[in-house]
2 protein chains.
Amino acid sequence: MTAPEPAAPPRRGRGRPGHDQAAVLRTAVALFNRRGYDATSIGDLAAELGVTKSAIYHHFASKEDLLRLALDDALDELTAVVSAAVSDADGASARDRLREVLRRSVEVLAAHQPAVTLLLRVRGNTPTEVEAVKRRRWLDDQLAGLVRDAAAEGALRDDISPDLVSRLLFGMVNSLVEWYRPEGAHDAATVADAIASIAFDGLVRR
Amino acid sequence: MTAPEPAAPPRRGRGRPGHDQAAVLRTAVALFNRRGYDATSIGDLAAELGVTKSAIYHHFASKEDLLRLALDDALDELTAVVSAAVSDADGASARDRLREVLRRSVEVLAAHQPAVTLLLRVRGNTPTEVEAVKRRRWLDDQLAGLVRDAAAEGALRDDISPDLVSRLLFGMVNSLVEWYRPEGAHDAATVADAIASIAFDGLVRR
DNA sequence: CCTACCGATCGGTAGG
DNA sequence: CCTACCGATCGGTAGG
């Protein structure tokens with residue numbers, strides 16, 4: 001269990017050496033994921049960075065502000081991917097767009113793992129969380145629609161309800177946040193292929 | 001968003017009417033899942049039950065005790081299922097035992113959804129959580145071994161690493177805790193069949 | 001002697 | 001970016 005690197009304060013020749021907003025946010029998200037948002041105090045975050053609580057409040061208006069920025073990062077990326085997939089601008093079949101959104105979701109998840117992890121753990125306890133949950137639900141609904149379209153095309157077996165398929169498929173994708181690490185054994189493309197492969201063709205040797 | 005039923009205190013003719021240990025634990029687990037363990041105070045739990053904090057401490061030694069009992073419930077059930085699957089006492093193939101453990105895991109998850117949800121969210125911040133994480137890891141290792149055995153039998157396609165298969169497969173199963181509800185549209189058997197079906201044969205119509 | 005509590009308060013720590 | 005604080009609430013325990 002190594003601490004997230006406090007990222008040695010860069011010197012830029014002007015002002016105090018210190019952490020910028022992005023560096024504070026990165027450390028905050030890592031702590032939120034390690035201990036939970038509620039269990040992480042601003043004091044914990046300050047100690048991790050080697051500054052005082054007030055230094056944090058120099059960069060962010062509130063603890064919830066840190067959470068909101070991190071959640072927006074994940075949501076904006078996922079929204080872009082899903083929006084592109086549901087609009088059949090290029091005339092691709094729903095089946096092909098589904099396969100593509102699986103692949104691109106895995107890539108977003110790999111590239112923004114900490115923020116997406118935080119997003120998937122949000123329960124809706126504050127207005128910020130409620131808003132994030134709403135946006136997540138919109139994404140889920142779009143994806144469910146895409147699976148229904150693929151089913152309507154006749155591309156999918158018809159003995160499993162499209163809604164169940166969509167929950168299980170994106171449940172498999174989302175479970176990546178529990179173990180995927182950029183420096184790990186599997187790169188994002190391998191994982192994306194494996195998921196699409198298992199989902200469409202199954203595990204059984206033919 | 002409905003509150004977990006405080007389960008009207010039963011009268012048993014002796015002593016005060018009140019909540020028994022199991023009823024307090026059920027309500028605690030529901031609250032822990034709704035707001036997070038750390039964000040839930042014993043005062044919150046007491047208020048939910050309509051009693052005082054002291055009444056909680058009559059039944060449980062500490063807040064962590066509540067967590068431990070809930071986690072043990074989930075872990076004991078899952079351990080039983082996994083232990084049965086990895087011992088090939090009946091001489092079944094690894095492939096068949098894998099399919100069976102998928103099915104039975106879903107059943108445990110459906111029957112003990114609140115406790116399993118709590119288990120999957122544990123991060124290892126206290127000795128109780130570290131112990132639970134250790135037991136979870138043991139389960140994951142056993143399941144990974146079973147997938148490797150099925151691969152060694154030649155039952156699975158060989159272009160995806162068994163470890164990746166096992167992570168994705170049980171990631172899909174575990175994602176149930178995010179949406180499965182006993183009163184929902186899909187019963188446990190349907191979900192179990194859907195997962196085994198997708199995993200082994202894939203989504204594509206043949 | 002049991003189960004199931006109450007009203008009040010302890011020493012510490014939270015976010016801001 | 002610090003020291004010095006606030007209003008409130010935390011998990012846990014006392015006697016009855």
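Naming convention: chains lettered A, B, ... in sequence-line order (proteins, then strands); numbering from 1 in each chain. Side chains are part of it too, since the values below use all heavy atoms of this structure and drop only hydrogens, waters and symmetry mates. Since the model is a prediction, treat every value here as computed from it, not as a measurement.
Among residue pairs with one or both ends in residues 33-80 of chain B, those qualifying as ring pair (Phe, Tyr, Trp, His ring centres under 6.0 Å) are B/Phe32-B/Tyr37; sequence neighbours excluded. Contacts classified as salt bridge (charged side-chain N to carboxylate O under 4.0 Å, His left out) and involving residues 167-189 of chain A (residues at least two apart or in different chains) are given here: A/Glu178-B/Arg123. The list of salt bridge (charged side-chain N to carboxylate O under 4.0 Å, His left out) pairs with a residue in residues 99-118 of chain A, not counting sequence neighbours, reads A/Glu100-A/Arg103, A/Arg103-A/Glu107. Note on residues 60-69 of chain B: pairs passing salt bridge (charged side-chain N to carboxylate O under 4.0 Å, His left out), not counting sequence neighbours, are B/Asp65-B/Arg68, B/Arg68-B/Asp72.
Qualifying side-chain contact (heavy atoms from CB on, under 4.5 Å) partners for A/Asp38, counting only residues two or more places apart in sequence or in other chains: B/Ala39.
For the OP1/OP2 pair of C/dG16 and a distance below 4.0 Å, the side-chain nitrogens and oxygens of A/Tyr57 include at least one atom meeting the criterion.
With hydrogens and angles ignored, no donor-acceptor pair under 3.5 angstrom links the side chain of A/Ser41 to the base of C/dT13. A/Thr52 contributes no side-chain N or O that forms a donor-acceptor pair with the base of D/dT3 under 3.5 Å.
Comparing C/dA8 with D/dG12, their P atoms sit 22 Å apart, to the nearest whole Å.
If you take NE2 of A/His58 and P of D/dC2, they are 11 Å apart, rounded to a whole angstrom. A straight line from CG of B/Leu67 to P of D/dG12 spans 12 Å, rounded to a whole angstrom. Distance A/Arg35 CZ to C/dG15 P: 11 Å, rounded to the nearest Å. In this structure, CG of B/Asp44 is placed 8 Å from P of D/dG11, rounded to the nearest angstrom. The interatomic distance linking B/Leu31 (CG) with D/dG11 (P) rounds to 12 Å, in whole Å. As rounded to whole Å, 14 Å separates atom P of D/dA4 from atom NZ of A/Lys53. Remark: P of C/dG16 and CG of A/Asp65 are 10 Å apart, rounded to the nearest angstrom. In this structure, A/Tyr37 atom OH and C/dG15 atom C1' are separated by 10 Å, rounded to whole Å.
The listed nucleotides are C/dC6, C/dA4, C/dG15; the one nearest the side chain of B/Ala55 is C/dC6. For B/Ser54, the listed nucleotide lying nearest its side chain is D/dT13; candidates were C/dG15, D/dT13, D/dT3. In the set C/dG16, D/dC10, D/dT13, C/dG16 carries the atom at the smallest distance from any side-chain atom of A/Lys63.
Remark: the A/Ser166 side chain and the A/Asp163 side chain contain no N/O donor-acceptor pair separated by less than 3.5 Å.
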Writing each nucleotide of DNA chain C 5' to 3' as (, ), [, ], | or . by Watson-Crick or G-U pairing under 3.5 Å yields .....|.|.|..|.||
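No side-chain heavy atom of A/Val24 sits less than 4.5 Å from a side-chain heavy atom of A/Val51.
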